[in-house]
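Quick notes on the structure that follows.
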Amino acid sequence: MAAAAAPGEQSVIEWLGGQQGAMLDLLEELVNTDGGSYDKPGVDAVGAHIRAFLEGHDIACETIPNETFGDALRATVGGPSNSAIMLMGHRDTVFPKGEPTRRPFHIDDGKAYGPGVADMKAGLVMNAFVLAAFSKFGGAPGPLVGLFTSDEEIGSPSCRPIIEAEARRARAVFNSEPGRPSGNVVTGRKGGVFMKMEITGKAAHSGGNFTDGISAIEELARKITALHAITDLTRGTTVNVGLISGGQTVNTVAPWARCEIDLRYITSPDREAAMAKIERIVETANVPSTSATLEIAGEFRPLVESPDNKRLFEHYAACSRDLGRPVEGEFTGGCADSGFTSGVGTPTVCAVGPVGGKAHTPEEYLVVDSLVPRAQVLALAVARLT
Ligand SMILES: [Zn+2]
């Protein structure tokens, strides 16, 4: 270690150093507990495992209930305060029900596999152990709040207000999404808007009454090419129509059609510019007498590389260097809850979780040997956040 650790932080780091086996045990439990974003009982069961671990380490836990999605779980070390340090992570995964039965947790050649192993059950385990370490030995320069959310993979419809309220009370946020395959953390993320567009036309028999029909599918096709033309790769703005449906039968002029649209952007003015174009496309009928509506189904704020975020990253990177693991910040097009915490003005650094890759695929993996070091770096970054 380059800079000598103070006695409090030394105990925390040493204790974490001996926890890899226990971390893997908890990780196995979490990965083998099914919990897609819409599976409330599953996401709550993942929360129950985490809560049992935390309460076993005398950490106060509170459930913020939700009727539709999983409940949010909030753990506090050191009492309420307006200058808490927040450790954040989501418990839901993108996988369909039954995935852990088909592909249970296993380790092969230094890598762990299973649904959500890196994104982000390993990050949840890391946060839980860092909370436990400070609960055991003290040494945190302020209260720690662990927020374990339930619906990040679908844009955090239920947890966004909880995340934002918690972040407003915090002075720093560490989001434990998986570290990049390079070992780097994330200092910038695009914002994203998920939308649904509905087009209405008029049904008619395509043989007998063709000219009476108004084709919603033709209108959708024309709108899709216009939407995709908004993409400007040099600005980092992209529009993707990822889902389409429509029509009644092959021999009916289509009375309806719909699609789902994903807009990604880097800055807020870019969002406004792209949204104005999208709204114009929705309002303009290419096939006369069609009509269209647009609805925003979910939204992520961008993680902007602001001076405050940069300072927190530099603090984190210095701690990582002191533990012999140089780290850099990367930009990614993927969205995360860190955009919400940064959006309310709280310094945020993202992807401080254990290192992994191929998220959202069956090949998703976690580098087992990164569990302990990333926990130690996070703990040091917390301890030195004076
Ligand atoms: Zn994630």
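Numbering of residues begins at 1 and proceeds along the displayed sequence. We count ligands from 1, going down the list as the structure has it; atoms in each ligand are counted the same way.
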Identity of the N, O or S atom of His90 lying closest to the Zn ion (ligand 1)
NE2

Checking Glu330 against Asn184 for the side chain to side chain donor-acceptor pair (under 3.5 Å) test, could you report, in this order, the C-alpha distance in whole Å, the side-chain angles of both residues, the deciding distance, and whether it holds?
CA-CA 7 Å; Glu330 285 184 19; Asn184 287 340; 2.9 Å; yes

For a distance under 2.8 Å, tell me if Glu152 has an N/O/S atom near the Zn ion (ligand 1).
no

For Glu62, is the CD atom crowded, meaning more than 12 foreign heavy atoms sit under 6.0 Å from it?
yes

Restricting to N/O/S, name the atom of Glu177 that gets closest to the Zn ion (ligand 1).
OE1

Determine the interplanar angle of the His57 and Phe129 rings, folded into 0 to 90°, and report it as parallel if under 30°, tilted if 30 to 60°, perpendicular if over 60°.
tilted

Of all N, O or S atoms in Asp119, identify the one at the shortest distance from the Zn ion (ligand 1).
OD1

Taking atom types as modelled, is there a side-chain donor on Arg51 or Thr63 under 3.5 Å from an acceptor on the other?
yes

